[in-house]
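It should be emphasised that the depicted structure is a prediction, and the values quoted were computed from it without experimental measurement. Proteins get letters first, then strands, A, B, ... in listed order; numbering begins at 1 in each.
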Amino acid sequence: MISIQLPDGSAQELPDGSSSADLAAKISSRLLKEAVAAEVNGKVVDLALPLTAGDSVRILTKKDREALEVLRHSCAHLMADAILRIFPQAQLTIGPVVDDGFYYDIYLPEGKITPEDFPKIEAEMAKIVKENHPFRRCAATVDEANEHFARYRAIDGGHNKFKMELISEITKRGEGLTFYKHGEFIDLCRGPHVPSTGWLKNHKLTKIAGSYWRADAAREQLIRVYGTAFFSKEDLDDYIKFLEEAKKRDHRVLGEQLELFMMEDVAPGFPFFLPKGAILWNTLADYMKGLVRRTGYVEVKTPLVLSEQLWHTSGHYDNYLENMFFTKLKLRDPKDASKIFDNVVEERPMAVKPMNCPGHALIFKHRLRSHRELPLRIAELGLVHRRELSGVRHGLFRVQAFTQDDAHLFCTPDQIEEEIMRLMDFFKEVYTAFGLDDVRVELSTRPAKSIGSDQVWHLAETSLQRALEARNLPYQLNPGDGAFYGPKIDFHIRDCLKRSWQCGTIQLDFSMPERFGCHYVGTDGAKHTPVMIHRACFGSVERFLGILIEHYAGAFPLWMSPIQAIVIPVSDKFLTYADDVYSKLSAAGLRMEINRKDDRLGYKIREASLQKVPYAIVVGEKEVESSTINVRTREGVELGAMTLEAFVAQLPEWRK
RNA sequence: GCUGCUGUAGCUCAGUGGUAGAGCGCGUCCUUGGUAAGGACGAGGUCAAGGGUUCAAAUCCCUUCAGCAGCUCCA
């Protein structure tokens with residue numbers, strides 16, 4: 001008999017050679033039915049693996065995150081099996097689990113797999129699920145491995161060199177080889193797996209992408225087939241619904257439909273804000289400017305183009321060159337105006353700023369500062385330009401020019417804690433204002449390679465920690481993940497689809513004040529170097545706006561809505577009255593529009609709803625006679641007839 | 001930057017060697033209407049750009065540019 005420890009601290013006695021499955025069976029038949037895998041001494045393994053005395057075992061069911069990963073990895077095998085049945089010349093490489101599913105990288109010497117093949121592959125997968133093959137684990141030697149991989153022999157007569165490469169690496173590390181077999185299919189795999197293919201009913205292939213063996217562009221081109229799997233059909237359906245919902249909320253699509261912004265080939269990665277988008281942008285900017293003014297900042301404006309020399313001082317030239325735009329002078333030949341010289345040697349070459357901090361450092365050292373001025377909080381909605389590789393640009397999320405709600409706080413080390421607490425309050429106020437209450441905080445501390453004294457690092461890190469604790473903010477600690485010049489706090493917010501976005505960041509900097517020679521005169525009359533705190537709350541106004549478009553699905557709260565109400569005359573007989581309503585509400589401060597088109601009422605209502613205008617104001621004969629308006633919300637609720645005053649009085653918060 | 005896919009009217013897309021199409025939007029007219037699509041007519045295109053193959057190219061090939069997905073990147 002062996003004794004097995006359970007998570008609740010109790011123990012179970014089992015016969016020698018028993019497995020986790022036997023353990024589950026002994027606890028309850030229901031648990032055996034629901035068991036997916038087991039965590040033995042902290043490692044996830046197959047249910048069928050024999051246990052040894054003293055093991056501590058947790059049975060994993062579909063409720064456990066680890067179990068879902070096991071399921072998905074098994075599903076990767078299932079998919080690989082199906083693909084090999086359809087494409088016998090395919091060679092498997094690796095097939096790991098990723099965030100919301102799995103993929104398998106496949107080498108296909110010729111031909112290709114496209115999404116059109118999905119139905120065929122899925123049909124084959126369904127067949128294998130129905131056959132309900134058990135997953136069997138087998139340990140093997142290298143020779144046996146060769147044997148196992150006989151079926152992967154390439155058409156040219158060679159072995160599957162990808163698997164052979166993996167095998168030789170594993171062997172070199174002195175680890176044993178394990179294979180997993182279901183039906184005729186066998187694959188090199190660490191495991192574990194679900195008990196049988198019957199578990200893998202709820203799957204879906206999602207997309208195809210290119211990849212390279214070992215992520216090395218010089219090596220073989222592979223086809224990456226993505227899929228996902230869930231324990232229940234409901235979960236799979238929910239996931240498919242989530243994908244559809246996310247697609248509907250795509251800010252690039254809504255940006256087009258709601259006429260918020262546009263992109264042009266002549267300016268890739270540089271959005272054009274259309275009138276309605278510009279209202280949104282300005283609403284965010286105005287909100288931020290107001291808050292900054294109320295919370296003890298000074299606001300500045302710094303130049304876009306600065307001498308290259310400055311970027312040497314700041315260190316960006318050495319570390320950030322690839323992401324910077326540089327100006328390039330041209331000259332016309334004085335004798336021949338059609339001749340242009342491109343390669344002009346510039347006396348003072350200039351660069352477009354990718355960050356605002358050097359400018360703010362220059363403002364700080366513009367004159368001698370006293371300790372009495374600290375903390376000095378310098379804020380700027382600063383437009384920065386950053387070159388991005390062509391493949392990474394994405395709507396408003398990743399652009400080449402954007403406006404940071406940037407600020408740099410110059411303070412003494414003693415003031416760090418107080419400033420961080422103020423920032424926590426500031427950030428919280430902002431996110432709450434936009435209905436983003438789900439905020440996750442990460443604290444990253446000193447990396448191996450860093451500058452600054454132990455003393456300053458220690459003070460800074462404990463200040464950050466104390467501030468987080470004082471504000472009761474749970475946080476995730478990322479030891480060693482800070483920048484070389486200081487620790488940082490990142491804010492990740494979740495939108496209404498539970499997607500996480502990194503927005504705010506607070507970074508301490510012990511380096512830049514030094515580089516720029518920023519000093520203040522202390523109480524002792526001597527010069528001291530301040531600490532610099534970089535911080536941005538939106539991050540980028542453009543990106544934050546993109547997040548809000550998706551968060552609200554274009555139906556912004558009243559105070560942000562580009563058009564807050566639209567006047568719809570029942571027919572053009574009532575245009576005069578409609579104009580009157582329009583002017584009065586505009587004068588009251590509401591952003592108004594008026595629909596003068598010769599369409600039927602129903603059509604204009606529909607248009608207003610699709611444009612997500614919060615209120616449609618209908619005016620016709622009845623309204624003219626009683627000097628009222630008839631109000632309908634974009635959700636389709638009829639608020640009925642009311643006076644203009646009553647309408648304005650009942651509005652929820654409509655300016656911030 | 002890499003790989004794959006895509007680029008046709010303002011938008012969404014069909015057309016895949018032989019006279020450029022639809023729906024929506026836009027304009028004009030009819031209609032003067034009561035809370036999510038009334039009707040008729042009309043304008044609108046160097047088929048991304050450049051080169052090649054061909055009697056003939058939106059269609060096939062090459063190059064470039066841009067977009068999309070993934071990868072890589074984002075101290």
message = Could you tell me if A:R515 sits above the aromatic ring of A:Y485, with its cationic atom closer than 6.0 Å to the ring centre and no more than 45 degrees from the axis?
response = no

inquiry  = What contact category does A:N323 fall into here, base, sugar-phosphate, or nothing, at under 4.0 angstrom with non-hydrogen atoms?
reply    = nothing

query = What does A:L610 touch in the nucleic acid at a heavy-atom separation under 4.0 angstrom: a base, only the sugar-phosphate, or nothing?
reply = base

Test item: A:E593 side-chain N/O and A:I563 main-chain N/O as donor-acceptor pair under 3.5 Å = no

message = Evaluate A:L601 against A:V618 for side chain to side chain contact (heavy atoms under 4.5 Å, CB included), listing each step before the verdict.
response = CA-CA 8 Å; A:L601 178 63; A:V618 177; 3.9 Å; yes

Protein-nucleic acid N or O pairs under 3.5 Å, nucleotides 38-47 of chain B:
from  : atom 1 : to     : atom 2 : distance (Å)
B:G38 : N9     : A:R600 : NH1    : 3.2

ask   = Nearest to the side chain of A:V392, which nucleotide is it out of B:G67, B:A36, B:G1?
value = B:G1

Candidates B:G33, B:C71, B:A75 - which lies nearest the side chain of A:Y485 = B:A75

query = OP1 or OP2 of B:A69 sitting under 4.0 Å from any side-chain N/O of A:H394?
reply = yes

message = Within the 4.0 Å heavy-atom criterion, would you say A:R398 contacts the bases, only the backbone, or no part of the nucleic acid?
response = base

key: N/O donor-acceptor pair under 3.5 Å between A:N478 side chain and A:D481 backbone   = no

task = Take atom CG of A:D250 and atom C1' of B:A69, then tell me their distance rounded to the nearest Å.
result = 12 Å

key: A:V618 or A:S314, whichever maps to the more 5' nucleotide of RNA chain B   = A:V618

A:K573 side chain, from C-beta outward: closest of B:A75, B:G34, B:G33 = B:G33

task = Provide the Watson-Crick or G-U wobble partner of B:G27, both distances under 3.5 Å; none if there is no partner.
result = B:C41

key: Under 4.0 angstrom between A:R632 side-chain N/O and B:A36 OP1 or OP2   = yes

query = At under 4.0 Å between heavy atoms, what does A:N319 touch on the DNA or RNA strands: base, sugar-phosphate, or nothing?
reply = base

inquiry  = So, OP1 or OP2 of B:A69: does either fall under 4.0 Å of a side-chain N or O from A:R252?
reply    = yes

note = 5'-most contact on RNA chain B (nearest-nucleotide basis), A:R386 vs A:I605, goes to A:I605

remark   = Answer for the Watson-Crick or wobble partner of B:U63, both distances under 3.5 Å, is B:A49

task = Measure from CD on A:E322 to P on B:G1 and round the result to the nearest Å.
result = 13 Å

query = How many Å lie between CZ on A:F272 and C1' on B:A66, as a whole number?
reply = 14 Å

inquiry  = Classify A:E623 by what it touches in the nucleic acid, base, sugar-phosphate, or nothing, heavy-atom distance under 4.0 Å.
reply    = base

message = Students often get this wrong, so: under 4.0 angstrom with heavy atoms, is A:K597 touching a base, only sugar-phosphate, or nothing?
response = sugar-phosphate

message = Closest approach to the side chain of A:S571, judged atom by atom: which nucleotide of B:G67, B:U32, B:G34 is it?
response = B:U32

key: Separation between the P atoms of B:U3 and B:G42, rounded to whole Å   = 49 Å

query = Is the side chain of A:T445 donor-acceptor paired with the backbone N or O of A:G480 at a distance under 3.5 Å, no angle test?
reply = yes

task = Please state how far atom CZ in A:R596 lies from atom P in B:C26, giving the value in whole angstrom units.
result = 16 Å

Base partner of B:A22, which must satisfy Watson-Crick or wobble distances under 3.5 Å = B:U12

task = Searching all strands shown, indicate the nucleotide that pairs with B:G17 (Watson-Crick or G-U wobble; both distances under 3.5 Å).
result = none

query = Is the NZ or CZ atom of A:K449 positioned over A:F484's six-membered ring, under 6.0 angstrom from the centre and within 45° of the axis?
reply = no

key: Nearest-Å distance for atom pair CZ/C1', residues A:R393 and B:U72   = 15 Å

inquiry  = For a quick check of understanding: with a heavy-atom distance under 4.0 Å over all strands, which category does A:M262 fall into, base, sugar-phosphate or nothing?
reply    = nothing

message = Salt bridge or not between A:K241 and A:E244? Use side-chain N to carboxylate O under 4.0 Å.
response = no

ask   = Any ion pair linking A:D599 and A:K604 (charged N to carboxylate O, less than 4.0 Å)?
value = no

query = What form does the base of B:U59 take, syn (within 90° of 0) or anti?
reply = anti

request  = Apply side chain to side chain contact (heavy atoms under 4.5 Å, CB included) to A:L205 and A:M79, showing your working.
outcome  = CA-CA 9 Å; A:L205 302 192; A:M79 179 178 82; 3.4 Å; yes

Any-strand Watson-Crick or G-U partner of B:U3, both distances under 3.5 Å = B:A69

ask   = With rounding to whole Å, what would you report as the distance between B:C47 and B:A22 at their C1' atoms?
value = 16 Å

query = For A:E264 and B:G10, what is the distance between atoms CD and C1' respectively, to the nearest whole Å?
reply = 11 Å

query = What distance, rounded to whole Å, do you find between the two C1' atoms, one in B:A58 and one in B:A20?
reply = 8 Å

ask   = Mind checking the P distance from B:A48 to B:A14? Whole angstroms is fine.
value = 13 Å

Sugar-phosphate, base or nothing in reach of A:K604, heavy atoms under 4.0 Å = nothing

request  = Measure up the A:H251 and A:F397 rings against each other and bin them: parallel (under 30°), tilted (30 to 60°), perpendicular (over 60°).
outcome  = tilted

request  = Using the P atom as the reference point in each nucleotide, state the distance between B:G17 and B:C61 in Å, no decimals.
outcome  = 11 Å

Integer angstrom distance from the P of B:A40 to that of B:C24 = 10 Å

task = Could you tell me whether A:R72 sits above the aromatic face of A:F102, with NZ or CZ closer than 6.0 angstrom to the six-membered ring centre and within 45 degrees of the axis?
result = no

query = Which part of the nucleic acid, if any, lies within reach of A:Y226 when heavy atoms closer than 4.0 Å are counted: base, sugar-phosphate only, or nothing?
reply = sugar-phosphate

inquiry  = Whole angstroms only, please: what is the CG-P distance between A:L601 and B:G34?
reply    = 7 Å

inquiry  = Any strand counts, and the cut-off is 3.5 Å on both contacts for Watson-Crick or G-U wobble. Which nucleotide pairs with B:A57?
reply    = none

task = Round to a whole Å and report the spacing from CE of A:M263 to P of B:G10.
result = 19 Å

query = Taking the side chain of A:K207 as heavy atoms from C-beta outward, which of B:G67, B:U32, B:A69 is closest to it?
reply = B:A69

query = For atom C1', what is the distance between B:A56 and B:G18, given to the nearest Å?
reply = 7 Å

query = Which base sits across from B:A36 as a Watson-Crick or G-U pair, both distances under 3.5 Å?
reply = none

message = Using the C1' atom as the point on both nucleotides, what is the distance between B:U31 and B:G38, in whole Å?
response = 8 Å

